[in-house]
Amino acid sequence: MASSSKAPSSRRSVFDAAHIRSEFSAAGISAHFIPLIWKYVLQNPRCSDLDGVPSLPAAAYALLRQKFRPTTSTLTAAADSKDRTTTKLLICLQNGESVEAVVMRYDTRLGKYDGKPRPGGVRSTLCVSSQVGCKMGCRFCATGTMGFKSNLSSGEIVEQLVHASRYSQIRNVVFMGMGEPMNNYNALVEAIGVFTGSPFQLSPKRITVSTVGIIHGINKFNGDLPKVNLAVSLHAPDQDIRCQIMPAARAFPLGKLMNALQSYQNESKQTIFIEYIMLDGVNDQEEHAHQLGKLLETFKAVVNLIPFNPIGSSSNFKTSSDQNVKNFQKVLKGIYRIRTTIRQQMGQDIAGACGQLVVSLPDERSAGGATLLSDIEDLRI
């Protein structure tokens with residue numbers, strides 16, 4: 001099992017922020033030049049060297065040639081969903097492993113706020129991976145069947161945005177791809193620092209980090225990533241069901257998790273997004289909705305109900321009926337006054353939807369007319 005995605009002798013990604021800053025500092029070169037280098041690579045995604053970056057000191061060019069590459073990952077393949085709203089990217093890392101990222105296109109005008117259509121237009125969200133595989137082993141998730149292989153460097157996380165920018169202008173980033181972001185915490189924080197600075201300039205409010213509930217990560221989150229959204233993959237209203245479908249939940253008892261989330265919300269004043277996968281007969285009954293409503297009574301939360309995506313013969317679960325999903329939503333909204341959305345499914349035909357990311361791509365790119373959907377991020381603010 002690999003513990004790192006870099007061989008010691010390999011040249012590093014220019015997007016490994018801490019490393020390039022350290023190297024520039026040691027060479028007496030100002031860090032102010034680094035965003036110029038990133039901008040050049042973003043505008044020239046196929047460049048093979050950094051000699052074309054304008055207006056750098058001579059020492060910087062020599063250092064870049066010796067120790068850095070424009071990108072260390074390669075975009076191997078891309079698959080479009082039939083409705084063209086989703087593009088799944090297969091990205092090969094320097095160590096030979098692969099990860100997936102998913103571009104999802106939305107029309108903000110299809111979202112509603114206070115019952116009124118929202119202004120705006122077409123824009124895109126990028127779902128990024130933080131690890132190759134995952135240690136958490138959630139039984140409903142395809143990535144969990146891979147086991148854990150390696151952490152991504154911060155540069156490899158950022159490079160997913162570089163590759164995706166060739167396909168669409170990205171406005172939102174969600175850490176909901178392969179891996180548990182809180183188990184690669186330092187790289188997560190460093191990558192988001194790059195996303196929110198020049199030249200990417202993403203708003204922290206448009207970045208969401210999803211966790212199964214890593215309590216020590218949640219305790220640090222607001223201090224390290226203020227204004228970034230926190231989403232929690234709760235998926236069950238009690239500890240027994242959580243442990244049944246999410247083995248890692250044994251290490252993070254529900255009571256302690258909810259206490260950590262309450263402390264986080266008291267400190268950050270941020271809405272917490274609760275992700276809840278709907279599994280037929282397991283966690284989708286009316287009694288479960290009441291349990292969840294009571295669990296969240298003291299929180300400012302948005303619950304996102306996620307219809308289960310079958311992942312083939314490896315799955316023992318079935319998708320909840322539409323009626324059960326709607327009844328569940330009705331209980332949470334009507335009785336507990338909790339804002340509750342049902343996730344629009346995108347990219348199922350290319351295994352790009354929630355829970356389906358495992359390294360595989362269909363043989364052909366699909367084509368078809370575009371149908372734009374509203375997005376969960378457009379339901380808040």
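Position 1 is the first residue of the sequence; numbering continues from there. None of the values given here were measured: they were computed from a predicted structure.
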Next on the checklist: Classify the ring geometry of F317 against F308: parallel below 30°, tilted from 30° to 60°, perpendicular beyond 60°.
Outcome noted: perpendicular
Item to check | side-chain hydrogen bond (donor to acceptor under 3.5 Å, both in side chains) partners of residues 239-253, not counting sequence neighbours, each pair once | outcome: none
Next on the checklist: Quick check on the 6.0 Å ring-centre criterion: do F140 and H235 meet it?
Outcome noted: yes
Checklist outcome for this item: For residues 37-61, the salt bridge (Lys or Arg N to Asp or Glu O under 4.0 Å) pairs (sequence neighbours left out) are D51-R65
Next on the checklist: Does V189 form a side-chain contact (heavy atoms from CB on, under 4.5 Å) with Y185? I'd like the steps, not just the answer.
Outcome noted: CA-CA 6 Å; V189 172; Y185 189 83; 3.6 Å; yes
Next on the checklist: Quiz question: by atom type and distance under 3.5 Å, do the side chains of T87 and R105 form a donor-acceptor pair?
Outcome noted: yes
Item to check | Check: E97/S150 side-chain N/O donor and acceptor closer than 3.5 Å | outcome: no
Item to check | Separation of H290 NE2 from F328 CZ (nearest 0.5 Å) | outcome: 10.0 Å
Checklist entry - Does CG belonging to D322 count more than 12 external heavy atoms closer than 6.0 Å? => result no
Next on the checklist: Distance check, rounded to the nearest 0.5 Å: R206 atom CZ versus R171 atom CZ?
Outcome noted: 3.5 Å
Next on the checklist: Is a donor from one side chain sitting under 3.5 angstrom from an acceptor on the other, for S130 and N184?
Outcome noted: no
Item to check | Pair Y106, N172: side-chain N/O donor-acceptor within cut-off below 3.5 Å | outcome: no
Checklist entry - Taking all atoms of both residues into account, what is the closest heavy-atom pair of S210 and S233, and its distance? => result OG-OG, 3.4 Å
Checklist entry - Roughly how far, to the nearest 0.5 Å, is OH of Y264 from CG of L230? => result 5.0 Å
Next on the checklist: Run the side-chain contact (heavy atoms from CB on, under 4.5 Å) test on L296 and Y336 for me, step by step, so that the C-alpha distance in whole Å, both residues' side-chain angles and the decisive distance to 0.1 Å come before the verdict.
Outcome noted: CA-CA 9 Å; L296 298 175; Y336 297 96; over 6 Å; no
Checklist entry - Do the side chains of L152 and Q160 get nearer than 4.5 Å, heavy atoms only? => result yes
Item to check | Among R343, R339, E275, side-chain hydrogen bond (donor to acceptor under 3.5 Å, both in side chains) partner for N304 | outcome: R343
Checklist entry - Who pairs with P57 by side-chain contact (heavy atoms from CB on, under 4.5 Å), at least two apart in sequence or on another chain? => result I29, F33, A60
Next on the checklist: Would you say CD of Q169 has more than 12 non-hydrogen atoms from neighbouring residues, nucleotides or ligands within 6.0 angstrom?
Outcome noted: no
Next on the checklist: Please determine whether the number of non-hydrogen atoms from other residues, nucleotides or ligands lying under 6.0 Å from atom CD of E286 exceeds 12.
Outcome noted: no
Checklist entry - Got I157 and F15 here, is their nearest side-chain heavy-atom distance under 4.5 Å? => result no
Item to check | Taking every non-hydrogen atom, the tightest pair across H288 and V282 | outcome: CE1-O, 3.3 Å
